[in-house]
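This report concerns only the one structure given below.
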Amino acid sequence: MKVAKTIDEIRRLVADARVGGAGLVGLVPTMGALHEGHFSLIDAAAGECDFVVVSIFVNPTQFAPNEDFSSYPRPVENDLSGCESHGVDAVFAPSAGEMYPDGFAATISVSGLTESMEGRHRPGHFDGVCTVVAKLFNIVGPDVAYFGAKDYQQSAVIRKMVADLDMPLRIAVCLTIREADGLAMSSRNAYLDDAERTQAPALYESLCLAERLIREGERTAARVIESVQSLLGEKAPLGEVDYVAIVDPDSLAAVEEIEGDVVIALAVKFPSARLIDNMFVEMKNAK
Ligand code: PAF
């Protein structure tokens, strides 16, 4: 496994791989602190692609000034050995200066899909994500890029950016990987103290409750949201609910009457970490 720190180096590695016969190049963009969720994306890439690149870059532009950029975990050696053991061909781990040299002035902004949920609660976040992801796509030139369904809105926004800007690659969205108690894997779970960690599975529990209510025939989104909020209030009292939303899977517009497939998405702020999760509810088997 090669580790490239500059844009020139990673471009050369990918070009050499293509000359050497690599047909499909896969990219797994990450901010490091890799866990089983990331490794499932890497495994999916390794299963489909001839050459797998993982980028590790804690992207400053997607964090607001009050967020956790400086404390974000950076266990570089662990990440590299995890990549190696999952068969990654090249890691791209640039510095902030390499990605954003002095005078950098471009931003990619996707409107509409970014206006609710994470976009509303983290202004500017998706501009940072889209800009860095577009740069990574331009630098690595992958045929397929892999993202986790845990960040449902992020993958919808990236798919839209790719479609609208005619970027020549496919976006693969892989299932959320969960701990045994249902908590969605996230690098930020490491911040949770024992009491918060005990309460955190309530996020998934509340999504399961929402799904059950819908399957049993509840069609009014506001009533489902109320039940989710009350379960969170009871089982995760250390957490403050940022939002609970029931949205159309494509437009991400809030749904009032549940008639077709929906995504239930939520964010809960514990004192040590803000967690997000979501569930896609397919209506074809519902009552
Ligand atoms: O999902 C993440 O880890 C980040 O938002 C991403 C896609 C790597 C961009 O920095």
Side-chain angles (χ1 to χ4, degrees), residues 4 7 10 26-42 44-45 52-64 67-76 78-79 82-83 86 88 90-100 104 106-110 113-114 117-119 121-140 142 144-162 165 167 169-177 184-191 265 267 273-278:
I7 293 169
I10 191 66
L27 170 66
V28 182
T30 81
M31 298 205 300
L34 304 181
H35 50 67
E36 288 308 318
H38 295 112
F39 294 131
S40 75
L41 304 181
I42 294 172
V52 175
V53 179
V54 171
S55 62
I56 300 181
F57 179 60
V58 186
N59 174 37
T61 66
Q62 68 188 75
F63 291 80
E67 293 182 347
D68 55 343
F69 172 69
S70 51
S71 59
Y72 199 84
R74 290 164 171 85
V76 180
N78 273 357
D79 286 351
C83 285
H86 283 263
V88 170
V91 169
F92 176 48
S95 65
E98 180 74 6
M99 292 297 274
Y100 301 112
F104 185 90
T107 302
I108 294 192
S109 213
V110 172
L113 292 182
T114 55
M117 302 187 287
E118 290 303 284
H121 288 263
R122 302 182 68 189
H125 170 69
F126 285 120
D127 285 0
V129 170
C130 286
T131 306
V132 79
V133 168
K135 278 176 70 71
L136 291 168
F137 290 172
N138 284 334
I139 292 165
V140 175
V144 194
Y146 297 81
F147 294 88
K150 185 182 76 88
D151 297 287
Y152 187 88
Q153 189 174 17
Q154 170 171 279
S155 39
V157 168
I158 289 169
R159 279 203 313 257
K160 182 77 175 138
M161 171 184 79
V162 164
L165 297 181
M167 293 177 169
L169 78 157
R170 176 165 68 82
I171 300 301
V173 180
C174 303
L175 290 180
T176 302
I177 305 296
M185 292 210 184
S186 161
S187 307
R188 290 188 168 99
N189 292 349
Y191 297 147
R274 180 176 180 278
L275 304 182
I276 61 172
D277 202 351
N278 70 77

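These values consider heavy atoms only, across backbone and side chains, with no hydrogens, waters or symmetry-generated copies. Counting starts at 1 for both ligands and their atoms, in listed order. None of these values were measured; they are calculated from a predicted model.
Atoms of ligand 1 lying under 4.0 Å from at least one heavy atom of V132, given by number and element, are 9 (C), 10 (O). Ligand 1 places these atoms under 4.0 Å from at least one heavy atom of Q62: 4 (C), 5 (O), 9 (C), 10 (O).
In this structure, atom 5 (O) of ligand 1 lies nearest to the protein heavy atom Q154 OE1, 2.7 Å. Of the protein's heavy atoms, M31 CG, 3.7 Å lies nearest to atom 3 (O) of ligand 1.
The shortest N or O to N or O distance between N59 and ligand 1 is not under 3.5 Å. The N/O atoms of T30, backbone and side chain alike, include none that comes under 3.5 Å of an N/O atom in ligand 1.
No side-chain heavy atom of H38 sits under 4.5 Å from any side-chain heavy atom of V28.
A cation-pi arrangement is absent between R170 and F147, since the terminal nitrogen or guanidinium carbon is not both under 6.0 Å from the aromatic centre and inside a 45° cone about the axis.
Atom CG of L27 and atom CD1 of I42 lie 10.5 Å apart (nearest 0.5 Å).
E98 and K135 are not joined by a salt bridge, as no carboxylate oxygen comes within less than 4.0 angstrom of a charged side-chain nitrogen.
For Q62 against R122, the heavy-atom pair with the smallest separation is O-NH2, 3.6 Å.
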